[in-house]
Protein chains: 2
Amino acid sequence: MNKVDLETSVNHHIALSAIMIKRVFFKILSENELTITPEQWNVLYHLSESGGFTVGELSKLTFKDFANISRITQKLEVAGLIKKRRDDADKRVFKLFITDSGMAIIEQLHQCAFESTNIALKGIDADNREVMLKGLKQILINTDTFLK
Amino acid sequence: MNKVDLETSVNHHIALSAIMIKRVFFKILSENELTITPEQWNVLYHLSESGGFTVGELSKLTFKDFANISRITQKLEVAGLIKKRRDDADKRVFKLFITDSGMAIIEQLHQCAFESTNIALKGIDADNREVMLKGLKQILINTDTFLK
DNA sequence: GGAGTATACTTGTCATGACAAATATAGAAA
DNA sequence: TTTCTATATTTGTCATGACAAGTATACTCC
């Protein structure tokens, strides 16, 4: 029998780390009175880099499905951080843009993300971070291939 | 400004990998007609290793909060895979045990977990897996310390 | 032993993730 | 043009995670 040992499972530790990192990030956001979630930050980040993405494009960029992006962007719009604009050429499509209010908190959000990175990765040297990043990117390729 | 680049963020790639790994695992479980979720597997795994854990103990073991374990174990009990038994000495406490039906599928579940590990980690050699595991464990320590 | 506090667990609410179904618009084929 | 199919997005449902509030039992201190 191919028994799995959770104690030494990379997969399992990725799942645990993901949850813990999210908690840290969320706590730091709260401490800075930013009422935004890590997932909303993910979307807002992309829109701060380049405006005009559609729901579908954001879905690909963030590895989330249309439904999730649809709801996350609804909340961001209600919060006044982004705007959805119907495309003139294709009326099915929304183009999304960050608002001035959105841009106004981007720097703070980057700072929070930066802090939570430092907290999470303390004591892991640059070489090992490099190995981890490369491994994680490989996992994304492997899983993406399998799910196709 | 301490700008974060998602493309090279270990934190971010852990979050993405966690989601993708869960999708792969869930798909493999479905293909094997196992109607159990990765989180339910996590709880069932611990109970298959050793019976009698309380909700609180499982909560610590799985890094989830009481509320989540409470609901996950409810579903596992409804599915007939585990039993909750009131402790005689302390009537607030539940002791949890895997049932025969639960034990009957453990081997299949291990096999599914094993397969999803192989899919996710393909092309990552043992040394690098070791580095990743060590880094992830460090992240758990770091984040846990911060959240205390 | 009774009051207040601590502990173990449950329930409610909201955001998210998975997935299926619904809606609206585009594009292609007849 | 009409019809069929494909695409973009939304909505519904359920499981989970975070967090707050509620319930029941145990413990502590007087």
Side-chain angles (χ1 to χ4, degrees), chain A residues 15-31 34-44 52-60 62-79 84-96 143 147, chain B residues 15-31 34-44 52-60 62-79 84-96 143 147:
Chain A
L16 295 181
S17 299
I19 291 178
M20 296 299 280
I21 286 170
K22 201 195 273 193
R23 279 186 207 162
V24 167
F25 189 29
F26 195 78
K27 187 179 178 190
I28 293 176
L29 289 170
S30 301
E31 284 172 357
L34 291 163
T35 55
I36 191 174
T37 66
E39 288 76 18
Q40 290 169 12
W41 154 242
N42 195 350
V43 170
L44 203 58
F53 286 127
T54 66
V55 172
E57 284 165 350
L58 281 173
S59 164
K60 281 202 194 73
T62 59
F63 286 64
K64 299 175 199 304
D65 77 354
F66 273 61
N68 287 325
I69 296 298
S70 178
R71 274 183 275 244
I72 288 172
T73 54
Q74 279 167 28
K75 287 185 184 98
L76 285 171
E77 186 168 34
V78 168
K84 303 176 98 151
R85 205 182 300 151
R86 278 281 179 203
D87 190 62
D88 287 332
D90 186 339
K91 291 207 178 70
R92 292 169 305 179
V93 173
F94 280 110
K95 301 267 195 181
L96 308 184
T143 50
L147 292 170
Chain B
L16 295 181
S17 299
I19 291 178
M20 296 299 281
I21 286 170
K22 201 195 274 193
R23 278 185 208 162
V24 167
F25 189 28
F26 195 79
K27 186 179 178 190
I28 293 176
L29 289 170
S30 301
E31 284 172 357
L34 291 162
T35 54
I36 190 174
T37 65
E39 287 77 17
Q40 290 169 13
W41 154 243
N42 195 350
V43 170
L44 203 59
F53 285 128
T54 66
V55 172
E57 284 164 351
L58 282 172
S59 164
K60 282 201 193 75
T62 59
F63 285 66
K64 299 175 198 305
D65 78 355
F66 272 61
N68 287 325
I69 296 298
S70 178
R71 275 184 274 245
I72 289 172
T73 54
Q74 279 167 28
K75 286 184 185 98
L76 285 171
E77 186 168 34
V78 168
K84 303 176 99 150
R85 205 181 299 152
R86 279 281 179 200
D87 189 61
D88 286 331
D90 185 339
K91 292 207 177 70
R92 293 170 305 181
V93 172
F94 280 111
K95 300 267 195 180
L96 308 184
T143 50
L147 292 170

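Order of the sequence lines fixes the chain letters, A, B, ..., with proteins taken first and strands second; residue numbering starts at 1 for each chain.
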Residues 20-30 of chain A, side-chain donor-acceptor partners within the protein, below 3.5 Å, at least two apart:
residue : atom : partner : partner atom : Å
A/Lys22 : NZ   : A/Glu39 : OE2          : 2.6
A/Arg23 : NH2  : B/Phe63 : O            : 2.6
A/Ser30 : OG   : A/Phe26 : O            : 3.0

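For the pair A/Gln40 (side chain) and A/Lys75 (backbone), a donor-acceptor distance under 3.5 Å is absent. Between the side chain of A/Thr62 and the backbone N or O of A/Leu58, at least one donor-acceptor pair lies under 3.5 Å. Without hydrogens or angle criteria, A/Arg85 side chain to A/Phe94 main chain gives no donor-acceptor distance under 3.5 Å. Here the side chain of B/Ser59 pairs a donor or acceptor atom with the backbone of B/Lys64 at under 3.5 angstrom.
The two residues B/Ala18 and A/Ala15 come nearest to each other via the heavy atoms CB-CA, 4.2 Å. Considering all non-hydrogen atoms of both residues, B/Val55 and B/Ser70 come closest at CG1-N, 4.3 Å.
Among the heavy atoms of the strands lying under 4.0 Å from B/Ile19 are primed sugar atoms or P, OP1, OP2 only; no base atom is included. B/Arg71 comes within contact range of at least one nucleobase, with a heavy-atom separation under 4.0 Å. At the heavy-atom level, A/Ala15 lies nowhere under 4.0 Å from the strands shown. As judged by a 4.0 angstrom heavy-atom cut-off over every strand, B/Lys22 is placed among residues making no nucleic acid contact.
Taking atom CZ of residue A/Phe25 and atom C1' of nucleotide C/dT16, one finds them 15 Å apart after rounding to whole Å. Between B/Lys27 atom NZ and C/dA20 atom P there is a gap of 12 Å when expressed in whole angstrom units. When rounded to the nearest whole Å, the span between CD of B/Gln74 and P of D/dC14 equals 16 Å. Rounded to a whole Å, the CG atom of B/Asp65 is 12 Å from the P atom of C/dT10. For A/Asn68 and D/dT16, the CG to C1' distance is 13 Å, given to the nearest whole Å. Rounded to whole Å, atom C1' of C/dT16 lies 14 Å from atom CD1 of A/Ile36. To the nearest angstrom, P of C/dA18 lies 12 Å from CZ of A/Phe63. A straight line from CD of B/Glu39 to C1' of D/dC14 spans 13 Å, rounded to a whole angstrom.
Contact annotation: A/Lys91 does not reach the phosphate of C/dT25 (side-chain N/O to OP1 or OP2, under 4.0 Å).
Along DNA chain C, the nucleotide nearest B/Ile69 and the nucleotide nearest A/Gln40 are compared for position; the residue whose nucleotide lies closer to the 5' end is B/Ile69. Closest-nucleotide positions on DNA chain C for A/Pro38 and B/Ser30 were compared, and the one nearer the 5' end corresponds to A/Pro38. The 5' end of DNA chain D is approached more closely, in terms of each residue's nearest nucleotide, by A/Thr73 than by the other of B/Lys75 and A/Thr73.
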Next on the checklist: So if I define the base as every atom that isn't primed, P, OP1 or OP2, how would nucleotides 3-9 of chain D read as a B/S/- string at a heavy-atom cutoff under 4.0 Å?
Outcome noted: ---BBSB
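Of all nucleotides listed (D/dA18, C/dA15, D/dA15), D/dA15 comes nearest to the side chain of B/Thr37.
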